Amino acid sequence: MQSPFILGNLFEIESCQDTLPWQPFRDGVEIYPLYSDGEFGSSAALLRYQPGARIPRHEHQGFEHIIILSGAQSDFYGEYNAGTLVINPPSSNHQVVSQGGCIVLIIWEKPVHLWQ
């Protein structure tokens with residue numbers, strides 16, 4: 001039996017963020033992958049946005065769950081502060097930006113399709 005992966009209090013992620021092995025993801029955005037079920041399956045990660053960083057417009061093939069852990073991010077539906085849960089349904093699309101920087105937990109049911 002495989003043991004669970006555990007990170008402490010994620011709402012205090014800023015205090016331990018520099019201990020994680022972040023990897024480049026997009027310009028100004030780093031990723032810490034948590035798991036992936038392959039090319040067509042689900043995956044989860046922490047994303048760390050530098051101030052002003054953005055993710056280009058993309059379409060969700062399945063559900064996308066985002067929990068804002070610190071800072072804030074926005075899309076054309078609104079701005080989401082720490083503690084907010086955002087669930088984007090399949091076939092929805094958006095572009096994400098974080099003016100002041102943020103860290104989010106993101107869970108993808110299926111991969112996303114980048115428009116750019």
Side-chain angles (χ1 to χ4, degrees):
M1 181 165 69
Q2 198 172 22
S3 62
F5 174 80
I6 299 172
L7 280 175
N9 185 346
L10 286 179
F11 289 105
E12 295 177 5
I13 190 71
E14 287 183 330
S15 65
C16 69
Q17 66 178 307
D18 292 330
T19 65
L20 299 175
W22 298 96
Q23 303 168 14
F25 183 63
R26 300 278 181 262
D27 192 28
V29 182
E30 297 170 297
I31 189 169
Y32 176 61
L34 299 173
Y35 68 82
S36 178
D37 284 341
E39 185 178 346
F40 300 106
S42 63
S43 59
L46 296 174
L47 296 181
R48 179 168 64 174
Y49 291 69
Q50 298 303 314
R54 62 185 60 242
I55 300 290
R57 193 166 188 166
H58 57 278
E59 182 175 344
H60 304 108
Q61 306 301 307
F63 284 99
E64 175 187 65
H65 299 80
I66 303 169
I67 300 173
I68 314 303
L69 302 175
S70 70
Q73 72 174 29
S74 60
D75 59 18
F76 45 75
Y77 297 109
E79 181 170 83
Y80 315 109
N81 296 310
T84 304
L85 167 65
V86 178
I87 300 175
N88 292 302
S91 299
S92 65
N93 69 81
H94 64 158
Q95 176 179 336
V96 179
V97 64
S98 180
Q99 294 301 331
C102 68
I103 299 175
V104 304
L105 169 63
I106 189 160
I107 303 166
W108 296 283
E109 178 187 25
K110 296 180 181 178
V112 298
H113 172 71
L114 288 175
W115 288 17
Q116 298 179 7

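This structure is a prediction, so every number in the text was calculated from the model and none was measured.
- For residues 80-100, no pair satisfies salt bridge (Lys or Arg N to Asp or Glu O under 4.0 Å), with sequence neighbours left out.
- Within the model, atoms CG of N81 and CD of Q73 stand 10.5 Å from one another, a figure rounded to the nearest 0.5 Å.
- Using a 4.5 Å cut-off between side-chain heavy atoms of Ile, Leu, Val, Met, Phe, Trp and Tyr, with links allowed through other members, L47 and V97 fall into different hydrophobic clusters.
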> After noting the C-alpha distance and the side-chain angles of I13 and L105, does the key distance pass the side chain to side chain contact (heavy atoms under 4.5 Å, CB included) rule?
Replying inline: CA-CA 10 Å; I13 190 71; L105 169 63; over 6 Å; no
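- Once rounded to the nearest 0.5 Å, the distance linking OG of S43 with NZ of K110 reads 13.0 Å.
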>> Could you walk me through whether I106 and I31 satisfy the side chain to side chain contact (heavy atoms under 4.5 Å, CB included) test, starting with their C-alpha distance in whole Å, then the side-chain angles of each, then the deciding distance to 0.1 Å, before giving a yes or no?
In response: CA-CA 10 Å; I106 189 160; I31 189 169; over 6 Å; no
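- Applying the side chain to side chain donor-acceptor pair (under 3.5 Å) test to residues at least two apart or on different chains, the pairs with a partner in residues 22-32 are E30-R48.
- When atom types are taken as modelled, the side chain of S98 and the backbone of P51 share no donor-acceptor pair closer than 3.5 angstrom.
- Listed by chain and residue number, D37 satisfy the side chain to side chain donor-acceptor pair (under 3.5 Å) test with S42 (two or more places apart in sequence, or in another chain).
- Remark: side-chain polar atoms of H58 are paired, donor with acceptor, to backbone N or O of P56 under 3.5 angstrom.
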Side-chain donor/acceptor pairs under 3.5 Å, residues 61-68, sequence neighbours excluded:
from: E64; atom 1: OE1; to: H60; atom 2: NE2; distance (Å): 2.8
from: E64; atom 1: OE1; to: N88; atom 2: ND2; distance (Å): 2.7
from: E64; atom 1: OE1; to: H94; atom 2: NE2; distance (Å): 3.4
from: E64; atom 1: OE2; to: H60; atom 2: NE2; distance (Å): 3.3
from: E64; atom 1: OE2; to: W108; atom 2: NE1; distance (Å): 3.1

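- When hydrophobic clusters are built by joining Ile, Leu, Val, Met, Phe, Trp and Tyr residues whose side-chain heavy atoms come closer than 4.5 Å, directly or via intermediates, V104 is not grouped with L85.
- Contacts of N93 classified as side chain to side chain contact (heavy atoms under 4.5 Å, CB included), with partners at least two apart in sequence or in another chain: R57, E59, F76, W115.
- The shortest side-chain heavy-atom distance between Y49 and V96 falls under the 4.5 Å cut-off.
- Looking at residues two or more places apart in sequence or on another chain, you find a side chain to side chain contact (heavy atoms under 4.5 Å, CB included) between A44 and L34, Y35, I107.
- Smallest separation of non-hydrogen atoms from A53 and G28: CB-O, 3.2 Å.
- The heavy-atom pair separating P111 from G41 by the smallest distance is CD-O, 3.6 Å.
- For I103 against Q17, the heavy-atom pair with the smallest separation is CD1-OE1, 3.4 Å.
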